[in-house]
Protein chains: 2
Amino acid sequence: MIAGSEHKRASKKNKGSRLKRTPQRLAILQFLDGNTSHPSAEDIYRAVSKQYQSMSFATVYNTLHALTKAGVLRELTIDPERRRYDPDTSCHHHLICINCGRIVDVSGGVTVDLPSDMARDFTILGNHVEFYGRCPACQKQKNA
Amino acid sequence: MIAGSEHKRASKKNKGSRLKRTPQRLAILQFLDGNTSHPSAEDIYRAVSKQYQSMSFATVYNTLHALTKAGVLRELTIDPERRRYDPDTSCHHHLICINCGRIVDVSGGVTVDLPSDMARDFTILGNHVEFYGRCPACQKQKNA
DNA sequence: ATAAATGCAAAGCATTTGCAGTAAA
DNA sequence: TTTACTGCAAATGCTTTGCATTTAT
């Protein structure tokens, strides 16, 4: 991660923005690696500060932006209160529990069809589906 | 709108919350009626204040929350910067221009399939698809 | 009457920004 | 050495809240 062995360029047009491998970023990346909880900036800050006393919010945001721009992270707009980050940048969708707010990945099996004549002259480049429902834990609850 | 002729109750369980038909709310509803621009609270505030000098932001938000809870409005989480409101509460999806940010409705023709065994034990109650692409106007642009 | 809504100002959060110091490359 | 990053504090911007007053019912 962060401009791997093939130094420079995270993807396409990098106008002089080669990322530096700072210990803070590595700590954030390590926390995010394989993480499927869709953490917010604060979640990340709290988790990483434990081992990285001096970590600041500005650094967390800075890193999140840099990694998102580099295509290593995906910024989710699912939660209206805050942005959440997903280290899985492959095409996938999400299940959101309307009771507890938990967000779970749906990595395959989803098919979306939008007839070309329905696109209102848009050139469609991608899509994202949010499924609303109740997670197993919340289904077992009496009320709510 | 707002507890029509069949007085009281906007839908199900209304614990003593019958909405009042204030001129401010009617002005907001009138602005929203048939509006497909997915306006934000500020867009609404600006538009309605022209004719309603004394309108305040608190009232706009208050009304938006009340109408959303009453099921008359739908709050969109598409835009990470701010919440947007949609007077169309029927099941539909959205096209978002990645260049200019314009949001357009897709009211039919979309089919989404999530095999039951992929739902990870969730009880699915609904879904919303965001299509990303370029709107006609932006396709005609050279750069960007 | 009375329960709810308005409007103002202050408060609350998430996120951004400016900048001087620090550290990758 | 050069360019980017860190960390702090201040600033922004959207949304919420408290409260006294007004208003729909």
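Values below: every heavy atom of this structure, side chains too, minus hydrogens, waters and symmetry copies. Keep in mind that what you see is a predicted model, and the values were worked out from it rather than measured. Here is the naming used below: chain letters follow the sequence lines, and residue numbers restart at 1 for every chain.
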Between dT15(C) (C1') and Arg83(A) (CZ): distance, integer Å: 7 Å
Check whether Ile96(A) and Val106(A) end up in the same hydrophobic cluster, where Ile, Leu, Val, Met, Phe, Trp and Tyr are linked by side-chain heavy atoms less than 4.5 Å apart. no
Touch check for Pro23(B), heavy atoms < 4.0 angstrom, all strands: base, sugar-phosphate only, or nothing? sugar-phosphate
Looking only at side-chain N and O atoms, does Ser40(A) offer a donor or acceptor that is under 3.5 Å from a partner on Asp43(A)? yes
Looking only at side-chain N and O atoms, does Gln24(B) come under 4.0 Å of OP1 or OP2 in dT23(D)? no
Step-by-step salt bridge (Lys or Arg N to Asp or Glu O under 4.0 Å) determination, Glu81(B) to Arg83(A): CA-CA 10 Å; Glu81(B) 314 292 316; Arg83(A) 291 182 195 174; 3.0 Å; yes
Using heavy atoms and a sub-4.0 Å distance, could you list which residues of residues 48-65 of chain A are near DNA chain C? By number, please. Ala58(A), Tyr61(A), His65(A)
Can you check the Glu81(A) CD to dG13(D) C1' distance for me, whole Å? 15 Å
Audit row: Glu75(B), Asp86(B), side chain to side chain contact (heavy atoms under 4.5 Å, CB included) steps and yes/no: CA-CA 6 Å; Glu75(B) 217 175 70; Asp86(B) 194 338; over 6 Å; no
Write down the distance between CZ (Arg46(B)) and P (dG13(D)), rounded to a whole number of angstrom. 13 Å
For a 4.5 angstrom cut-off between non-hydrogen side-chain atoms, does Arg25(B) reach Leu19(B)? yes
How are the rings of His38(A) and His94(A) set relative to one another: parallel (under 30°), tilted (30 to 60°) or perpendicular (over 60°)? perpendicular
What is the separation between atom CZ on Arg25(B) and atom C1' on dT22(D), rounded to the nearest whole Å? 14 Å
Specify the angle, to 10°, made by the local axes at the two ends of the helix from dA1(C)-dT25(D) to dA25(C)-dT1(D) when five pairs are taken at each end. 40°
Hey, does the side-chain of Lys20(B) have a donor or acceptor N/O within less than 3.5 Å of a partner on the base of dA4(C)? yes
Arg84(B) side chain near dC14(D) phosphate (N/O to OP1/OP2, under 4.0 Å): no
For Arg82(A) and dA14(C), is the shortest distance between a side-chain N/O and OP1 or OP2 below 4.0 Å? yes
Asp79(B) CG to dG13(D) C1', straight-line distance once rounded to whole Å: 13 Å
Could you state the CG-C1' distance from Leu67(B) to dA4(C), rounded to the nearest angstrom? 14 Å
Rounding to a whole Å, what distance do you find between Arg18(A):CZ and dA4(D):P? 8 Å
Under 30°, 30 to 60°, or over 60°: which ring-plane class applies to His93(B) and Phe131(B), parallel, tilted or perpendicular? perpendicular
Looking only at heavy atoms, the pair that brings Cys135(B) and Cys97(B) closest together is N-SG, 3.4 Å
Going by atom type alone, with no hydrogens or angles, which donor-acceptor pairs under 3.5 Å involve a side-chain atom of residues 112-124 of chain B and a protein atom two or more places apart or on another chain?
| from | atom 1 | to | atom 2 | distance (Å) |
| --- | --- | --- | --- | --- |
| Arg120(B) | NE | Asp105(A) | O | 3.1 |
| Thr123(B) | OG1 | Gln139(A) | OE1 | 3.0 |
| Thr123(B) | OG1 | Gln139(A) | NE2 | 3.1 |

Tell me: CZ of Arg21(A) to C1' of dT3(D), nearest whole Å? 17 Å
